[in-house]
Structures are given as C-alpha cells and as structure tokens.
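Written below as structure tokens is the structure these notes are about.
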Protein chains: 2
Amino acid sequence: METNTAVSALSALAQETRLQIFKELVAAHSMTEEEGGLAVGELIKRLDVAPPTLSFHLKELTNARLISPRKKGRSIIYRANLAEMQSLVTFLLQDCCSGACGVTLPVTATDS
Amino acid sequence: METNTAVSALSALAQETRLQIFKELVAAHSMTEEEGGLAVGELIKRLDVAPPTLSFHLKELTNARLISPRKKGRSIIYRANLAEMQSLVTFLLQDCCSGACGVTLPVTATDS
DNA sequence: ACTATAGTTTTAGAAATATGGAAGTATAAT
DNA sequence: ATTATACTTCCATATTTCTAAAACTATAGT
C-alpha cells in the first residue's frame with residue numbers, strides 16, 4: 001500500500017462516526033459478497049445522525065475503498081471491505097512498526 | 001484501547017507529514033530508551049517543512065502518545081512509541097476486522 | 001555579557017471537514 | 001398516476017486543521 005492510500009484510509013477511519021460505521025459493518029459482515037452489511041436506514045437508527053451527514057461519511061469511507069455499496073430495492077446496503085483494512089494493517093506493521101510490534105504478518109487477502 | 005484513543009491515534013497518523021515523521025522515527029528507532037530517535041533539526045532537513053509547522057505536527061503526535069520527546073543539549077530528540085502503535089493495530093484487528101483479516105494477534109507490549 | 005543555535009509558542013489567515021435543511025432521484029406501494 | 005420511502009446531492013454555515021511569520025525560551029559557545 002502506498003503512503004497516500006494509507007493516509008486516505010487512516011483519514012477515513014479517523015473520525016468518531018465513521019469509525020462507528022465501520023465497526024457496525026464489520027460486525028454485520030459476511031464473507032459471502034451478496035450477504036451481510038447494513039442498509040443506510042439501519043445505520044441511521046443505530047448511530048443517530050442526520051441522513052445527509054451519514055451519507056457524507058459513507059461517501060468518505062467508500063472513496064477510501066473501506067466499504068462498498070450495493071442496491072437492494074430502494075435501500076442501499078453497505079458492506080465492509082476487509083481486504084482494504086488488512087492492507088492498511090499490513091502497511092502499518094511493515095512501514096510503521098519495523099517488525100518490532102510483535103505481530104505476525106498477514107497472509108494474502110482472499111476476501112474483497 | 002478505547003474508541004476515542006483510537007480516533008486520536010488514527011487522526012495523528014492521517015496526515016502526510018505526520019505519517020512521514022512517524023516512519024522516519026520508526027526507522028531510527030532503538031529498543032533502548034536513551035538511544036535512537038531523531039532531533040527536530042534532522043527531521044526538518046529530511047522533510048522540508050518550516051520549523052513551526054514541524055513543531056505543530058510533533059505536538060499532535062506527542063498528544064496522541066505515538067512519540068515522545070527527550071532533551072539533549074539544546075536539541076529535542078523525538079522517539080517513536082511502538083507500544084502505542086501496537087495497541088492501535090491490535091484495536092484495528094479486534095474491533096475492525098472481526099478476526100477475518102488473517103493476522104495473528106500481537107503479544108503484550110514490552111517496549112514503551 | 002553577548003551571540004548563535006535549536007526549538008517552541010503565539011497568532012492570524014487559508015484550507016479542509018463536518019453538519020444538516022432543502023431539494024432532488026429512484027424504486028415501491030396503492 | 002399519485003404518494004411514500006430510502007437515500008443522495010446541493011448548499012450554506014460552523015468548526016477544525018494546517019501553515020508559517022513573528023516573537024519567545026533555553027542552552028551552548030565566545
């Protein structure tokens with residue numbers, strides 16, 4: 001992962017509401033592409049933010065490739081992109097820990 | 001690590017110059033407390049930023065506990081706090097990866 | 001004591017982010 | 001066709017973050 005990509009991912013996660021969104025989506029994650037994730041309406045209920053605000057944050061996370069949307073009826077279901085998170089963690093371990101963080105490096109990503 | 005602490009750490013790293021600073025400090029790291037790290041002047045040379053700007057970013061990283069200063073003559077030497085980085089990575093793996101990122105969890109930190 | 005060096009703090013302006021009302025788009029239900 | 005639902009985009013405002021010149025502090029050298 002390039003430094004610029006890392007900065008984008010870190011920026012996306014460096015905000016209370018967005019980190020909460022991401023955590024919710026990770027909790028609701030399914031390895032199967034077509035399952036799991038949460039609709040915007042469900043996130044609004046859980047996080048207590050105005051629709052335009054949530055929409056703004058969802059866009060930020062989407063731009064950072066940390067989540068992705070899929071349409072289902074008139075809902076839009078967002079799903080966590082764990083592969084991107086894994087890339088970020090790998091970057092942090094390789095570039096920002098110099099092997100001194102006592103963590104075993106990840107295997108190659110298999111899930112999008 | 002609490003969510004708020006994670007947001008602080010992520011915010012500190014979510015900026016080009018600060019991420020560079022941190023990377024330099026990690027590269028110059030020594031496990032021995034009194035060794036390693038870089039003086040502000042050295043960072044200025046490497047990163048090409050105005051002194052007040054660098055000072056500002058160093059303060060941000062310090063507030064997030066990701067680095068810490070020690071005085072040496074009239075220089076101030078900053079050192080990476082790898083334990084905090086490890087905590088952040090652990091948080092990301094536990095709370096934001098739901099065990100699906102194929103990474104072995106870290107052992108307990110030993111270095112400050 | 002004076003001067004230079006190394007860095008910080010203050011301060012002010014510029015730029016980027018965050019928030020939410022109002023209006024718009026698309027699908028579903030009647 | 002009309003209405004309701006689910007969400008987004010547009011817009012204006014508020015807040016936060018970034019940058020660097022100017023002024024300050026502390027240590028070192030002469």
Side-chain angles (χ1 to χ4, degrees), chain A residues 3-25 28 34 36-80, chain B residues 3-25 28 34 36-80:
Chain A
T3 298
N4 282 344
T5 313
V7 170
S8 296
L10 290 166
S11 298
L13 295 171
Q15 206 274 351
E16 175 105 43
T17 301
R18 287 198 296 265
L19 189 55
Q20 284 180 318
I21 292 170
F22 193 77
K23 283 173 72 171
E24 292 285 349
L25 293 183
E34 307 307 320
L38 292 172
V40 176
E42 182 57 32
L43 285 168
I44 287 178
K45 281 184 207 160
R46 297 190 188 189
L47 301 182
D48 186 44
V49 283
T53 301
L54 183 59
S55 213
F56 167 78
H57 289 307
L58 288 169
K59 195 189 228 175
E60 295 287 304
L61 285 165
T62 302
N63 288 343
R65 316 269 146 166
L66 282 164
I67 67 176
S68 38
R70 72 173 182 278
K71 295 201 66 170
K72 185 179 182 185
R74 57 193 145 172
S75 293
I76 297 178
I77 297 178
Y78 283 89
R79 182 170 178 276
Chain B
T3 298
N4 283 343
T5 312
V7 169
S8 295
L10 290 166
S11 298
L13 295 171
Q15 206 275 351
E16 176 105 43
T17 302
R18 287 197 295 265
L19 190 55
Q20 284 180 319
I21 291 170
F22 193 77
K23 283 173 72 171
E24 292 286 350
L25 293 183
E34 307 308 320
L38 292 172
V40 176
E42 182 58 32
L43 286 167
I44 286 179
K45 280 185 205 158
R46 297 191 189 189
L47 301 182
D48 187 41
V49 283
T53 301
L54 182 59
S55 212
F56 166 79
H57 289 307
L58 289 169
K59 194 189 229 175
E60 295 286 306
L61 286 165
T62 303
N63 288 342
R65 317 268 146 166
L66 283 162
I67 67 176
S68 38
R70 73 174 182 278
K71 296 201 65 168
K72 185 180 183 185
R74 57 191 146 174
S75 294
I76 296 178
I77 297 178
Y78 282 88
R79 181 170 179 274

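Just so it is clear: chains get the letters A, B, ... in the order the sequence lines come, proteins before strands, and each one is counted from 1. These values consider heavy atoms only, across backbone and side chains, with no hydrogens, waters or symmetry-generated copies.
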**Asked** Nearest nucleotide by nearest heavy atom, which residue falls closer to the 5' end of DNA chain C, A:F56 or B:P52?
**Response** B:P52

Whole-Å gap separating [atom2] ([N]) and [atom1] ([X]):
| X | N | atom1 | atom2 | result |
| --- | --- | --- | --- | --- |
| B:I44 | C:dA6 | CD1 | P | 9 Å |
| A:D48 | C:dA18 | CG | C1' | 16 Å |
| B:R18 | D:dT16 | CZ | P | 15 Å |
| B:L54 | D:dT17 | CG | C1' | 16 Å |
| B:L58 | D:dA20 | CG | P | 14 Å |
| A:E60 | D:dT8 | CD | P | 13 Å |
| A:K72 | D:dC7 | NZ | P | 12 Å |
| B:L13 | D:dT17 | CG | C1' | 16 Å |

May I ask you to evaluate whether [X] reaches the phosphate of [N], defined as a side-chain N or O under 4.0 Å from OP1 or OP2?
| X | N | value |
| --- | --- | --- |
| B:Q15 | C:dA15 | no |
| A:H57 | C:dT19 | yes |
| A:T53 | C:dA18 | no |
| B:K59 | C:dT9 | yes |
| A:R74 | C:dT25 | no |
| A:Y78 | D:dT8 | yes |

**Prompt:** Taking only residues two or more places apart in sequence or in another chain, which ones pass salt bridge (Lys or Arg N to Asp or Glu O under 4.0 Å) with A:R74?
**Reply:** none

**Message:** Closer than 3.5 angstrom, by distance alone: can the side chain of A:R70 be matched with the main-chain N or O of A:E34 as a donor-acceptor pair?
**Reply:** yes

**Message:** Over all strands shown, is A:S75 touching base, sugar-phosphate only, or nothing at heavy-atom distances under 4.0 angstrom?
**Reply:** sugar-phosphate

**Prompt:** Any side-chain hydrogen bond (donor to acceptor under 3.5 Å, both in side chains) pairs touching residues 9-20 of chain B, not counting sequence neighbours?
**Reply:** B:R18-B:H57

**Request:** Give the nucleotide from the list C:dA18, C:dA26, C:dT8 with an atom nearest to the side chain of A:K71.
**Result:** C:dA26

**Asked** How close do B:G37 and B:I77 get, heavy atom to heavy atom, and via which atoms?
**Response** C-CG2, 3.9 Å

**Asked** If we only count heavy atoms from C-beta on, is the A:L66 to A:L25 side-chain gap below 4.5 Å?
**Response** no

